[in-house]
Protein chains: 2
Amino acid sequence: MINVLLVEDDIDLATTIVDYLDLESINCDHASNGLMGLNLLESNHYQMIMLDINMPKMDGLTLCNTLRERGMDIPILMLTARDSLEHKLEGFAAGSDDYLVKPFAMKELVARVQVLAKRRSGEAKRLVLGDLSLDINQRSAQLKQTPLKLSPIAFKLLEVLVRASPQAVSRQHIMQAVWGDEQPDSNSLKVHIYHLRKQLDAAHNNISLDTVSGIGFAITTNSKGAQL
Amino acid sequence: MINVLLVEDDIDLATTIVDYLDLESINCDHASNGLMGLNLLESNHYQMIMLDINMPKMDGLTLCNTLRERGMDIPILMLTARDSLEHKLEGFAAGSDDYLVKPFAMKELVARVQVLAKRRSGEAKRLVLGDLSLDINQRSAQLKQTPLKLSPIAFKLLEVLVRASPQAVSRQHIMQAVWGDEQPDSNSLKVHIYHLRKQLDAAHNNISLDTVSGIGFAITTNSKGAQL
DNA sequence: GGGCTTGGTTAAGGCAGGGTTAATGGCGGG
DNA sequence: CCCGCCATTAACCCTGCCTTAACCAAGCCC
């Protein structure tokens, strides 16, 4: 399930968008100004953000800049009536990933939202990180030619980590990606990480699954050689 | 250096684009149809592709589909005169990441190319100050290539100081930024600053963490050399 | 010069977060 | 129907971080 955030002060337009996205199985939270958006972003996890520019309290460009300053590289789509070239360039300069001019066709919005929400986490069918290699279709993984024996959840967990590598991934993000909306209550994640580590540590290799204190986990390769 | 591929059969337009991108320090190879594009893709590595749709030999949509079939998730920007909604949706359905309608402003093309080329490269958000370098997303810090071992609070503290550098930051401001609303009663900040200094002073470097009497603290670099 | 303030240094204790392990229960396949 | 795999849970341990308090050192004002 795709989970996105809309920051827009025009309530009518906002409800229209939220409803339409809902039909396309896209869950869309709504904030009516930048500050509210910032709040939601701190407590929830979204795949991408739609951002109006003209807003009270905190405008879209400022919010966009703020997020980038903080090192958040979540995809952002600017959604505004300003159609001049300068405004577009201003949007991109602030760190946005796409720029859609009002009025727009809902279907185009959906297409662009899906691209930003999904493509970023990749559609690649084959992932390689140092000695580790994942085949998404086959749900198989290899470490230095020897196959790993991974349960479904373990595989997905590994996939999420490798896709984000070398970035750290927050527990929240992992939970969302692996279990979706029905997350287990307890320390299931800890146990899975533990089992995963056991397999990864087994053979000597250049993969390390580190815990980032207070945040989550990160998988990295410490190979000096060429990195794709 | 950004390295991209343009697949376009209109030679005039192609040279214009290649020349313009060159001015922006973007290296752009050119293929005049899908098959040639495929060849170039097999022998070279590109950050993204610009794709015309109407072409002899192999059209853009087919090429796009082919690449996705093969599991290549390289970003693709469709570049075409077909401006109807159906055509756009067709482009996105084929697996493209963006869709720009001709004629377009060169500057907008550059902006979109840069976004697509950078997005996937997983480039980290970094703060650099002299010999010190912070990777926000990875939550890691390096001082002259050697990694620092920082606790969550220490990292945040350092981040706040580096962000403000060379300005001094008041104690109040630091407390707010690091602990938020639930601040410790005692001299916790002093202790953290102390530990931070210990690590920063360890190796000879050009970083100094000074206390500004009565105000707070400031981190600065005393390098004479070029400063970014 | 003395006490007060401001900032630096150090060690100790409590606590939380993460790691490890084993037991339970569901689900699917044989 | 039974067996085995796998996810989840609870319980436990342990490390290392944060806080705290206490003690110094240096300057300032009276």
**Study point:** Side chains of B:M48 and B:I76 in contact at under 4.5 Å (non-hydrogen atoms)
**Key:** no
**Study point:** Audit row: A:N3, A:Q47, side chain to side chain donor-acceptor pair (under 3.5 Å) steps and yes/no
**Key:** CA-CA 6 Å; A:N3 209 32; A:Q47 270 104 331; 5.2 Å; no
Review point. Given A:N65 and A:T62, is the side chain to side chain donor-acceptor pair (under 3.5 Å) satisfied, shown in steps?
Key: CA-CA 5 Å; A:N65 268 318; A:T62 310; over 6 Å; no
Check your understanding: Is A:K57 salt-bridged to A:D9, cutoff N-O under 4.0 Å?
Key -> no
Exercise for review: Inspect the contact between A:E42 and A:R70 and indicate whether a charged nitrogen and a carboxylate oxygen are less than 4.0 angstrom apart.
Suggested key: yes
Practice item. For the pair A:K102 and A:E8, find out whether any cationic side-chain nitrogen is under 4.0 Å from an anionic carboxylate oxygen. Key: yes
Check your understanding: In this structure, are over 12 heavy atoms from other groups packed under 6.0 Å from A:M72 atom CE?
Key -> no
**Study point:** Close side-chain approach of A:T221 to A:D131, heavy-atom, < 4.5 Å
**Key:** no
Review point. If you draw a 6.0 Å radius around CD in B:Q183, do more than 12 non-hydrogen atoms from other residues or ligands fall strictly inside?
Key: yes
Contacts table for residues 168-180 of chain A: side-chain donor-acceptor under 3.5 angstrom, sequence neighbours left out:
| from | atom 1 | to | atom 2 | distance (Å) |
| --- | --- | --- | --- | --- |
| A:S170 | OG | A:H173 | N | 3.0 |
| A:Q172 | NE2 | A:S43 | O | 3.4 |

Study note, to complete from the structure: Whether each nucleotide of nucleotides 7-17 of chain D has a protein heavy atom under 4.0 Å at its base (B), only at its sugar-phosphate (S) or at neither (-) is summarised, 5' to 3', as SBBBB-----S
Review point. What is the per-nucleotide protein-contact pattern of nucleotides 24-30 of chain D, from the 5' end, where B denotes a base atom under 4.0 Å from a protein heavy atom, S denotes such proximity for sugar-phosphate atoms only, and - denotes neither?
Key: -------
Check your understanding: Which nucleotide of DNA chain C is the first, and which the last, in the 5' to 3' direction, to come under 4.0 Å of a heavy atom belonging to chain B?
Key -> C:dG7 to C:dT10
Review point. So does B:D97 pair up with B:R68, basic N to acidic O under 4.0 Å?
Key: yes
Study note, to complete from the structure: Computed from five pairs at either end and rounded to 10 degrees, the angle between the axes of the helix from C:dG1-D:dC30 to C:dG30-D:dC1 is 20°
Revision key, fill the gap. B:K156 meets the side chain to side chain donor-acceptor pair (under 3.5 Å) criterion, sequence neighbours left out, with none
Study note, to complete from the structure: Here the distance between atom C1' of D:dC6 and atom CG of A:L196, to the nearest Å, is 15 Å
